[in-house]
**Student:** 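Before we start, here is the structure in question, set down as structure tokens.
Predicted, not measured: the structure shown is a model, and the values here were computed from it.
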Amino acid sequence: MEAAKKLQLYFLGLQREDQPTKAEMLRKEIATMEEELKTKTEMMKNQERLIQGWRKDLSDQLDQHATELERV
């Protein structure tokens, strides 16, 4: 009976070793969040570049229209 309890405790201990600790789970979650943040930051930078390009294009078009209106 005592041997069976020891074996059971041993196998329960092995099962717990296979499961990640709370700290490991948090590290993994933080790493995932950091990767997501990096991806979203890059997306925001790309969109900011697009917006700057559009602003320049619109400014150029406005200048062109103003020049044409002055001619008339």
**Student:** Contact between Glu42 and Thr39 at the side-chain level, heavy atoms closer than 4.5 Å - yes or no?
**Tutor:**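 Not in contact.
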
**Student:** Quick one, Lys40 with Glu36, criterion salt bridge (Lys or Arg N to Asp or Glu O under 4.0 Å). Give me CA distance, side-chain angles, the key distance, then yes/no.
**Tutor:** CA-CA 6 Å; Lys40 289 183 178 182; Glu36 185 178 343; 3.0 Å; yes

**Student:** Find out whether Gln52 and Glu48 are in side-chain contact, i.e. whether some heavy atom of one side chain is under 4.5 Å from a heavy atom of the other.
**Tutor:**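 Result yes, sub-4.5 Å side-chain heavy-atom pair found.
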
**Student:** Kindly indicate whether the side chain of Thr67, heavy atoms from C-beta on, has any atom under 4.5 Å from the side chain of Arg71.
**Tutor:** yes

**Student:** Are Leu37 and Thr41 close enough that some pair of their side-chain heavy atoms sits under 4.5 Å apart?
**Tutor:** yes

**Student:** Evaluate whether atom CD of Glu24 has more than 12 neighbouring non-hydrogen atoms of other residues, nucleotides or ligands under 6.0 angstrom away.
**Tutor:** yes

**Student:** Distance from Asp60 atom CG to Arg55 atom CZ, nearest 0.5 Å?
**Tutor:**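 CZ of Arg55 is found 14.0 Å from CG of Asp60.
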
**Student:** Listed by chain and number, what are the side chain to side chain donor-acceptor pair (under 3.5 Å) partners of Arg49, not counting sequence neighbours?
**Tutor:**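 With neighbours one apart ignored, the set is Asn46.
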
**Student:** Test Glu29 against every option in Arg27, Met25, Met33 by the side-chain contact (heavy atoms from CB on, under 4.5 Å) rule and name the one that passes.
**Tutor:** Met33

